[in-house]
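The structure under discussion appears below in the form of structure tokens.
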Amino acid sequence: MKKPIISVNNLVAKYGEETILEDISLDIYPQEVTVILGGSGCGKTTLIKNILKLYQPFAGSVKIFNKEVTNMDEQEFDDILSRIGMLFQNGALLNSLSIFDNIAIPLEQHTRLSKNVIEKMIKVKLDLVNLSYATYMVPAELSGGMKKRAALARAIALDPDILICDEPSAGLDPLTSASLDELILKLKNLLNMTIVIVTHELASIHRIADRIIFIDNGRLLFNGTLEEAKQTDIQEVKTFFEVGRF
Amino acid sequence: MEYRAQSLFFDGELTKHTVPALYDEFPKYSNQTIFTLDLQQVTKIDSAGIAFIDEILSQLELNPDESLSMNEMVRIAYNTFTSTKLKHVKTENKLDFFTQLGSGSVDFLRSIKDGIYLIADISYWSFVGIFNKKGQRKGSVIQQALFIGVDALGIIALLSMILGLILALQSAAQLRQFGANIFVADLMGISMVTEMGPILTAIILAGRSGSSIASEIATMQVTEEIDALKMMAINPIRYVVVPKFHAITICIPLLVTASTLIGIFGGLIVAVTYLDLSATVFINRVIEVVTIRDAIIGLGKSYFFAWVIVIIGSYYGFNVKGGAEGVGKVTTQAVVASIFWIIILDAINSLIFYFNI
Ligand SMILES: Nc1ncnc2c1ncn2[C@@H]1O[C@H](COP(=O)(O)OP(=O)(O)O)[C@@H](O)[C@H]1O
Ligand SMILES: [Mg+2]
């Protein structure tokens, strides 16, 4: 059995008094595509943000690259973050900057690379997501799918070991979202990344998933391979795989 | 990196961690005759390494197809990441702009605690930011200063003028009855310098800049831009708030001075047309009665008003709740709260100076 690259143990997450996630334990394995499933508002985004300490977990432990991160100091954790790319649900491009400058930020922040080298890296990453023509546009000039691809280019700017995608296909038409799946798969193979992806698209799941994590009402309902998920007796999971809805 | 028989030899890792040092080292070799780059012994390479190789190739004016000696691993990475095969993109830059949204409300005790943390953070980073611009957007202070200062000047000038005229006219009728016409200069000078100039400017800025600060930050919070900044190891306060803090600190004394002078000019018009004073007499009288101390009090408190606007605007912006719906709500709350605290501060200030005199 491979060693997990992310390991979550007994994680509890709250917003104020409200408990969103209760006692979540799961492992993410290197080079795999792990799909996080669950109804809207069940806490998928919360789980990701707690793993990345964008919100401090209320209890439990998170290990990334075999290091306990929950009480890690900021500097050390920045190093960990620099090895993880995140595609936020809304893209989260900085609206006041051009696409080029958006992708430059992580490169300027996390490395001491010179301007010429950074410029070449940005152009290559934009080419990988087929967005070269939008290099000097601002986010408002892009369509939803283009924004996602630009955000994806930013997420892979530093050649991350792990890429996390929060509902990449949300708000996109089926064709665009299918091509985004293909793009993510292509990048995974090119860059040798571990992928964690939140999605509801049954078609994409069949196509890309190695492992399924199913969250319901803040609890972990199922955790196993795609094959196991298709054969499980757990009612909610079964229903989802039959009809593609929760 | 080593020079051997017309070839530049690399071994070990060629990644974002090792490239900066190699890049600094490269000029040592750049005037040698180099025909090939030998990458056979490279054990690890990433997109930064490839970009570096491409950069060297272009500096040495070498053709990548002929000058690279690579092992299999490097070749695969090179084909993925080389920028030499890219189509040319035209370089044209568009202007910055801001989208605006927001929303929020927090319970009282926690809000005070959060407020104090925020004030501490903003003060600390604003101070550090004077000396070290890392983590700040280039040119953002100037851009903000233009938005806060220049764009507000027109409306502030107009309202100060009207306020000056009203103030002088209201008192002129009374003063004339007692033949105390000249005192209009005392009244206009002292009230504009110590009170009307600062408070009028602050209230207009609260409406214009306070609302835009709150809504900009709230938008960034809602669209996860703030989280994205944190992911990239950028302190959001430093990136978003500090430039505004610096800009408003630069602008406020200029705006208050403009407002004060224009208000007094309004008084001068009334004095000349309605109270039969000459302009020289009026101006000399103003200069005589207004002390340096008055000017310092007026300007001094206006700094606090400006900081209140930034702090309250960012507080409400960062504490936005829910999605885009609460937008108008948080913006309105920030403006109302700013004006409230400006007037409270002004009252405290008046009390202090009243009892000290
Ligand atoms: N910043 C926040 N403050 C308070 N509650 C939140 C916040 N973000 C999300 N929630 C709540 O937490 C629950 C889980 O949200 P989320 O993790 O975004 O769900 P999803 O699975 O759709 O990504 C929801 O009920 C949501 O209303
Ligand atoms: Mg979500």
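These values consider heavy atoms only, across backbone and side chains, with no hydrogens, waters or symmetry-generated copies. The sequence lines fix the lettering, A, B, ..., with proteins before strands; numbering per chain opens at 1.
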Check each atom of [X] against the heavy atoms of chain B and say whether the ones under 4.5 Å are side chain, backbone, both or neither.
X        : result
A/Leu54  : both
A/Gln89  : both
A/Leu191 : side chain
A/Lys49  : side chain

Chain B interface, residue from [options] that has the most non-hydrogen pairs under 4.5 Å:
options                               : result
A/Asn116, A/Leu93, A/Thr111, A/Ile105 : A/Asn116
A/Asp78, A/Val124, A/Leu52            : A/Val124
A/Leu94, A/Val117, A/Asn90, A/Leu107  : A/Leu94
A/Met121, A/Glu108, A/Lys120          : A/Lys120

Step through the shown structure and confirm whether more than 12 heavy atoms of other residues, nucleotides or ligands are within 6.0 Å of [atom1] on [X].
X        : atom1 : result
B/Ile142 : CD1   : no
B/Glu25  : CD    : yes
B/Tyr29  : OH    : yes
A/Lys14  : NZ    : yes
B/Phe127 : CZ    : no
B/Lys44  : NZ    : no
A/Phe58  : CZ    : no

When B/Lys230, B/Lys85, B/Met231 are compared by non-hydrogen pairs under 4.5 Å with chain A, the top option: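 Winner by heavy-atom pair count: B/Met231.
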Chain A contacts, top residue of B/Asp227, B/Leu229, B/Asp24 (heavy-atom pairs, under 4.5 Å):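 Greatest number of close heavy-atom pairs with chain A: B/Asp227.
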Distance (rounded to the nearest 0.5 Å) between B/Thr82 OG1 and B/Asp54 CG: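 Answer rounded to 0.5 Å: 3.5 Å.
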Heavy-atom proximity to chain A below 4.5 Å, by part of B/Phe81: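 Both backbone and side chain of B/Phe81 come within 4.5 Å of chain A.
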Locate the shortest heavy-atom distance separating [X] from [Y]; write the atom from each residue and the value.
X        : Y        : value
A/Asn102 : A/Pro139 : ND2-CG, 4.2 Å
A/Lys3   : A/Pro30  : O-CD, 3.1 Å
B/Val42  : B/Asn71  : O-ND2, 3.1 Å

Electrostatic pair A/Glu119-A/Lys123, nearest N-O below 4.0 angstrom: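 Judged by the 4.0 Å cut-off on N to carboxylate O distance, A/Glu119 and A/Lys123 do form a salt bridge.
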Members of residues 80-88 of chain A whose heavy atoms come closer than 4.5 Å to chain B: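 Heavy-atom contacts from residues 80-88 of chain A to chain B are A/Leu81, A/Ile84, A/Met86, A/Phe88.
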Residues of residues 148-160 of chain A contacting chain B, heavy-atom criterion under 4.5 Å, by residue number: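 Within residues 148-160 of chain A, near chain B: A/Arg154, A/Ala157, A/Leu158, A/Asp159.
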Beyond-backbone contact of A/Ile5 with A/Phe65, side-chain heavy atoms, under 4.5 angstrom: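 Sidechains of A/Phe65 and A/Ile5: in contact.
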Under 3.5 Å donor-acceptor, B/Ser211 side chain and B/Arg208 backbone: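 Between the backbone of B/Arg208 and the side chain of B/Ser211 there is a qualifying donor-acceptor contact (under 3.5 Å).
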Whether B/Phe52 and B/Phe26 hold their rings parallel, tilted or perpendicular, with breakpoints at 30° and 60°: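 B/Phe52 and B/Phe26: perpendicular rings.
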